[in-house]
Amino acid sequence: MLSTLEEIPAGDVVLMHVCCHNPTGVDLSVGQWEQVVAVAASKGWTPFLDFAYQGFGAGIEEDRRAVELFAAAGVDFFVASSFSKNFGLYNERTGALTIVSPSAEEAVVAMSHLKKTIRVNYSNPPAHGGLSASAVLDDPALYEQWIGEVAEMRERIKAMRSALVDGLAARGVEQDFSYIERQRGMFSFSGLSDEAVAWLRENKSIYIVKGGRINVAGLTSANIGYVCDAIAEALKG
């Protein structure tokens with residue numbers, strides 16, 4: 001990855017997930033992010049950070065570490081935040097685009113370009129979703145409740161990862177799926193082949209994207225046994 005980033009010319013934009021990478025579930029460590037930030041600063045390309053899953057990795061504060069590292073480096077970069085997941089505001093398409101520049105003067109220029117782009121594309125965004133999010137974020141009691149609910153969802157997804165790994169092992173599946181527990185967020189490259197994916201769809205009505213990418217949040221205590229039984233059968237067959 002670093003060798004590829006070294007080849008990107010100045011002025012190009014590089015899109016990266018901050019945490020809970022979709023579709024792999026594999027995140028960079030803080031030390032690895034520090035290396036990426038150093039390359040961005042030396043090569044002059046512009047980071048565009050997709051922050052769709054804040055709070056689903058390690059926590060609301062912990063998950064923003066990469067953003068803080070880029071800010072400390074003094075480079076221009078973008079952050080696209082989404083409240084579709086951590087606020088459940090899917091239909092409202094609520095989020096924010098943050099542009100960080102090394103100086104106030106550059107920030108003013110960036111804002112001028114951004115306002116022109118907004119005016120051409122949609123002029124005024126829907127207000128309902130943003131007002132809902134701000135009502136929670138501006139109220140200390142609601143904010144603490146939200147933090148707790150995001151934590152509950154994060155821990156539920158982790159529990160489903162463990163249940164899937166343990167359930168497959170208990171059913172005698174020899175393939176090592178332990179890496180699924182080390183992944184973070186809603187998604188995972190499961191390691192299932194396209195053949196297994198097709199078999200599960202046709203025979204068990206379990207729908208997985210070709211390539212084996214699964215939404216771990218779709219697993220529940222009610223369906224985990226059926227899913228593990230079906231995957232075990234697919235792999236043994």
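The shown structure was predicted, so the numbers you read here are calculated from the model rather than taken from an experiment.
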Colleague: Donor-acceptor pair, distance only, cut-off 3.5 Å: does the side chain of R154 make one with the backbone of G55?
Modeller: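 Checking the backbone N and O of G55 against the side chain of R154, a donor-acceptor pair under 3.5 Å is found.
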Colleague: Could you tell me which residues satisfy side-chain contact (heavy atoms from CB on, under 4.5 Å) with K210, sequence neighbours excluded, listed by chain and number?
Modeller: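 Residues passing side-chain contact (heavy atoms from CB on, under 4.5 Å) with K210: D194.
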Colleague: Please answer: with hydrophobic residues joined when any side-chain heavy atoms are less than 4.5 Å apart, are M160 and I206 in the same cluster?
Modeller: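 As far as the 4.5 Å side-chain criterion goes, I206 and M160 are connected within one cluster.
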Colleague: Check whether any side-chain N or O of W45 sits under 3.5 Å from a backbone N or O of L5 as a donor-acceptor pair, and report yes or no.
Modeller: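 The answer is yes, because a donor-acceptor pair under 3.5 Å joins these two groups.
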Colleague: Can V136 and F83 be said to form a side chain to side chain contact (heavy atoms under 4.5 Å, CB included), step by step?
Modeller: CA-CA 12 Å; V136 173; F83 291 156; over 6 Å; no
Colleague: Is a donor on one side and an acceptor on the other found under 3.5 Å between the side chain of Y179 and the backbone of S190?
Modeller: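 Side chain of Y179 to backbone of S190: a pair is present.
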Colleague: Quick one, S188 and R161 - any side-chain contact, counting heavy atoms below 4.5 Å?
Modeller: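 Touching, per the 4.5 Å side-chain cut-off.
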Colleague: Does some side-chain heavy atom of L28 sit less than 4.5 Å from a side-chain heavy atom of M1?
Modeller: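 They are in contact (side-chain heavy atoms under 4.5 Å apart), so the answer is yes.
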Colleague: Distance-only, no hydrogens or angles: does the D139 side chain make a donor-acceptor pair with backbone N or O of A135 under 3.5 Å?
Modeller: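 Flag not set: sc D139 to bb A135 has no pair under 3.5 Å.
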Colleague: Compare all side-chain heavy atoms of P47 with those of M16 and state whether any distance is below 4.5 angstrom.
Modeller: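 Result yes, sub-4.5 Å side-chain heavy-atom pair found.
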Colleague: For S29, does its backbone N or O pair with a side-chain atom of R65 as donor and acceptor, under 3.5 Å?
Modeller: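 No, because the side chain of R65 does not come within donor-acceptor range (under 3.5 Å) of the backbone of S29.
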Colleague: Atom CD1 in I99, atom CG in D76: separation rounded to 0.5 Å?
Modeller: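 One gets 9.0 Å once the value is rounded to the nearest 0.5 Å.
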Colleague: Within this structure, what is the CG-OG distance for the pair L97 and S82, rounded to the nearest 0.5 Å?
Modeller: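 The OG atom of S82 is 12.5 Å from CG of L97, to the nearest 0.5 Å.
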Colleague: Does a donor on one side chain and an acceptor on the other come within less than 3.5 Å for R64 and Q54?
Modeller: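 No, no side-chain donor-acceptor contact under 3.5 Å.
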Colleague: Could you grab the distance from atom CD1 of I180 to atom CZ of F189, nearest 0.5 Å is fine?
Modeller: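 I180 atom CD1 to F189 atom CZ measures 12.0 Å (nearest 0.5 Å).
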Colleague: If you take all heavy atoms of L168 and C228, which pair is closest and at what distance?
Modeller: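 Minimum heavy-atom contact is CD2-O, 3.8 Å.
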Colleague: Are I60 and L142 co-members of a hydrophobic cluster defined by side-chain heavy atoms under 4.5 Å apart?
Modeller: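 Yes, L142 connects to I60 through the hydrophobic network.
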Colleague: Could you check whether H21 and D27, counting side-chain N and O atoms only, form a donor-acceptor pair closer than 3.5 Å?
Modeller: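 No.
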Colleague: Quick one: which of N22, D63, N86 gives a side-chain hydrogen bond (donor to acceptor under 3.5 Å, both in side chains) with Y53?
Modeller: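 Running side-chain hydrogen bond (donor to acceptor under 3.5 Å, both in side chains) over N22, D63, N86 with Y53 returns exactly one hit, N22.
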Colleague: Quick one: closest heavy-atom pair of S42 and V39, and the distance?
Modeller: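 Taking S42 first and V39 second, the nearest heavy atoms are OG-O, 3.0 Å.
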Colleague: Is there a donor-acceptor contact under 3.5 Å from the side chain of T117 to the main chain of H113?
Modeller: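 Judged by distance alone, yes, a pair lies under 3.5 Å.
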Colleague: Using side chain to side chain donor-acceptor pair (under 3.5 Å) as the criterion, list what pairs up with Q35, not counting sequence neighbours.
Modeller: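 Expected list: none.
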Colleague: If you measure from CG on D229 to CD1 on I224, what distance do you get to the nearest 0.5 Å?
Modeller: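 Rounded to the nearest 0.5 Å, the CG-CD1 separation comes out at 10.0 Å.
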Colleague: Do other residues, nucleotides or ligands put more than 12 heavy atoms under 6.0 Å from the CD atom of E174?
Modeller: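 Atom CD in E174 is not crowded, with 12 or fewer foreign heavy atoms closer than 6.0 Å.
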Colleague: Is there a side-chain contact between V30 and E34 in this structure, where contact means two heavy atoms from C-beta onward sitting under 4.5 Å apart?
Modeller: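 Yes; the side chains approach each other to less than 4.5 Å.
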Colleague: Please find the pair of heavy atoms, one from G57 and one from R184, that lie closest to each other, and give the distance.
Modeller: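 Smallest heavy-atom distance, with atoms named: C-NH1, 3.8 Å.
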Colleague: List in chain and number order the residues that pass side-chain contact (heavy atoms from CB on, under 4.5 Å) with V75, two or more places apart in sequence or in another chain; answer none if no residue qualifies.
Modeller: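 By the side-chain contact (heavy atoms from CB on, under 4.5 Å) rule, V75 matches A41, F70, A73, F77.
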Colleague: Is the number of heavy atoms from other residues, nucleotides or ligands under 6.0 Å of N91 CG greater than 12?
Modeller: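 Counting neighbours around CG of N91, 12 or fewer heavy atoms of other residues, nucleotides or ligands fall under 6.0 Å, so no.
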Colleague: For W146 and F87, take the angle between the two ring planes, folded into 0 to 90°, and tell me which bin it lands in: parallel under 30, tilted 30 to 60, perpendicular over 60.
Modeller: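 Answer is parallel, since the angle falls under 30°.
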Colleague: Would H17 and F51 satisfy side chain to side chain contact (heavy atoms under 4.5 Å, CB included), going step by step from the backbone distance to the final call?
Modeller: CA-CA 6 Å; H17 271 164; F51 209 2; over 6 Å; no
Colleague: Return the minimal non-hydrogen interatomic distance between A230 and W199, and the atom names on each side.
Modeller: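 Smallest interatomic distance, heavy atoms only, reads O-CZ3, 3.7 Å.
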Colleague: Look at the side-chain heavy atoms of Ile, Leu, Val, Met, Phe, Trp and Tyr, link any pair under 4.5 Å apart, and say whether L69 and V79 land in one connected group.
Modeller: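 Same cluster.
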Colleague: Are V26 and V216 grouped together when hydrophobic residues (ILVMFWY) are joined by side-chain heavy atoms under 4.5 angstrom apart?
Modeller: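 V26 and V216: separate clusters.
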Colleague: List the atom of V165, the atom of S178, and the distance in Å for their closest heavy-atom pair.
Modeller: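 Minimum heavy-atom contact is CG1-CA, 4.0 Å.
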Colleague: May I ask you to test the K204-E233 pair for a side-chain heavy-atom distance under 4.5 Å?
Modeller: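 Yes, side chains in contact.
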Colleague: Could you go through the side chain to side chain contact (heavy atoms under 4.5 Å, CB included) check for M153 and I157 one step at a time?
Modeller: CA-CA 6 Å; M153 180 57 67; I157 294 173; 4.2 Å; yes
Colleague: Consider only side-chain heavy atoms of I, L, V, M, F, W and Y, link residues closer than 4.5 Å, and tell whether L49 and L2 are in one cluster.
Modeller: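 Same cluster: L49 reaches L2 through Ile, Leu, Val, Met, Phe, Trp or Tyr contacts under 4.5 Å.
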Colleague: Using only atom types and a distance under 3.5 Å, with no angle test, would you say the side chain of R156 pairs donor to acceptor with the backbone of E152?
Modeller: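 Side chain of R156 to backbone of E152: no pair is present.
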Colleague: Applying side chain to side chain contact (heavy atoms under 4.5 Å, CB included), run through L164 and I231 and close with a yes or a no.
Modeller: CA-CA 10 Å; L164 179 60; I231 293 176; 4.2 Å; yes
Colleague: Between NZ of K43 and CG of D12, what distance do you get to the nearest 0.5 Å?
Modeller: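 Here the interatomic distance stands at 13.0 Å.
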Colleague: With rounding to the nearest 0.5 Å, note down the distance linking CG in L235 to CZ in R171.
Modeller: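 Nearest 0.5 Å value for the CG-CZ distance: 12.0 Å.
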